[in-house]
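Structure first, then comments.
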Amino acid sequence: MSFWKMSTLQVSYARPSSASIRDANLYVSGLPKTMTQKELEQLFSQYGRIITSRILVDQVTGVSRGVGFIRFDKRIEAEEAIKGLNGQKPSGATEPITVKFANNPSQKSSQALLSQLYQSPNRRYPGPLHHQAQRFRLDNLLNMAYGVKRFSPITIDGMTSLVGMNIPGHTGTGWCIFVYNLSPDSDESVLWQLFGPFGAVNNVKVIRDFNTNKCKGFGFVTMTNYDEAAMAIASLNGYRLGDRVLQVSFKTNKAHKS
DNA sequence: TACGATT
């Protein structure tokens, strides 16, 4: 006896691959963290038919990163949405959003490969701090450097209850470091080279001007371990790179004021 | 060019 295994096929119309729908994908940043995907679609739907939408979230906390994508049916709709929404404040929002055409998602693997290479333990020069005594000394060193009694994440290492707490530099995926005074022609490799020796680097980013593609003078480095990040900061803040003196600190939430 | 983010 034989039988047929029944299965379900999903069927949909193919979208025409014409120029009219090419590059209709938008990248949106500066979104309120509370904005849902539905609300994002509602905001953009006035400009045309939305094919897909997405809000990027932190892998650990699940909270919005304030960044998302909207793909319209047609290029012209995306263009109109940029005109209408770029630099605008959604109702209830305190900050304006940025709306621009998205980059092609394919070509971004080389950085990830580099990331793996530089996380290889035998590249670490000072080495990770394993011992409680070293941690204690490091914490005191940092307290002296900051001139204040700091909150020490060391005492709660390994706990997951940090989620939602506002600790400078801490993100769901590591410790985020702000690096200022990079030269205009800097690229990611300089950040890997500077920070890699101190331990596990998850990610580096040089912030560039959209038009000139030159570095805007700063960047970010995310490191896995607090001790290593703290040691990198203590060592690299004030470091002279070429004719520039770097300023290195944990990332803060707000723009610099002074 | 003083705190991003590219599925």
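What you see is a predicted model; the values in this text were computed from it and never measured. First the proteins, then the strands, lettered A, B, ... as listed; each starts at 1.
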I want to verify a distance call: between B/dA2, B/dG4, B/dT1, whose nearest atom is closest to the A/Phe178 side chain? B/dA2

Applying salt bridge (charged side-chain N to carboxylate O under 4.0 Å, His left out), which residue pairs with at least one partner in residues 85-103 of chain A are found, sequence neighbours left out? none

Students often get this wrong, so: under 4.0 angstrom with heavy atoms, is A/Arg65 touching a base, only sugar-phosphate, or nothing? base

Heavy-atom side-chain contact between A/Val28 and A/Leu85 under 4.5 Å: no

Return a table of donor-acceptor pairs under 3.5 angstrom between the side chains of residues 44-52 of chain A and protein atoms on other chains or two or more places apart.
unit_1, atom_1, unit_2, atom_2, d
A/Ser45, OG, A/Glu41, O, 3.3
A/Ser45, OG, A/Gln42, O, 3.0
A/Gln46, NE2, A/Leu43, O, 2.8

Hphob cluster co-occupancy, A/Val63 + A/Leu40, side-chain heavy atoms under 4.5 angstrom: no

Is it true that a side-chain atom of A/Asn225 and a backbone atom of A/Asp227 form a donor plus acceptor pair closer than 3.5 Å? no

Partner residues of A/Asp23 under the side chain to side chain donor-acceptor pair (under 3.5 Å) criterion, sequence neighbours left out: none

Looking only at side-chain atoms of A/Ser249, point me to the closest of B/dC3, B/dA5, B/dT6. B/dC3

For the pair made of NZ in A/Lys33 and P in B/dA5, what is the distance, rounded to whole Å? 12 Å

Mind telling me whether A/Tyr180 and A/Phe178 have parallel, tilted or perpendicular rings, with 30° and 60° as the class edges? parallel

Expressed as a whole number of angstroms, how long is the span from A/Glu188:CD to B/dT6:P? 10 Å

Quick one: which residue pairs count as a side-chain hydrogen bond (donor to acceptor under 3.5 Å, both in side chains) with a foot in residues 231-243 of chain A, not counting sequence neighbours? none

Spell out, as yes or no, whether a donor-acceptor pair under 3.5 Å connects the side chain of A/Asn181 to the backbone of A/Leu246. no

Students often get this wrong, so: under 4.0 angstrom with heavy atoms, is A/Phe220 touching a base, only sugar-phosphate, or nothing? base

Which nucleotide in B/dT6, B/dC3, B/dT1 has an atom nearest any side-chain atom of A/Asp209: B/dT1

Could you tell me if the ring centre of A/Phe69 sits under 6.0 Å from that of A/Tyr27? yes

Nearest whole angstrom, please: distance from the C1' of B/dG4 to the CG of A/Asn253. 13 Å

Between P on B/dA5 and CD on A/Gln59, what's the gap in Å once rounded to a whole number? 18 Å

I need the CG-C1' distance between A/Leu31 and B/dG4, as an integer number of Å. 14 Å

B/dT6 phosphate, OP1 or OP2: any side-chain N/O from A/Lys205 under 4.0 angstrom? yes

Separation of B/dA5 P from A/Ile55 CD1 (nearest whole Å): 16 Å

Quick one: is B/dT1 close enough that its OP1 or OP2 comes under 4.0 Å of any side-chain N or O from A/Arg208? no

Could you identify which residues of residues 79-102 of chain A place a heavy atom less than 4.0 Å from some atom of DNA chain B, listed by residue number, or say none? A/Lys100, A/Ala102

Distance, rounded to the nearest Å, where A/Phe210 contributes CZ and B/dA5 contributes C1': 15 Å

Please determine, for the side chain of A/Phe218, which listed nucleotide (B/dT6, B/dC3, B/dA5) has the closest atom? B/dC3

Interface residues of residues 66-78 of chain A with DNA chain B (non-hydrogen, below 4.0 angstrom): A/Val67, A/Phe69

To the nearest angstrom, the NZ-C1' distance between A/Lys214 and B/dT1 comes to 13 Å

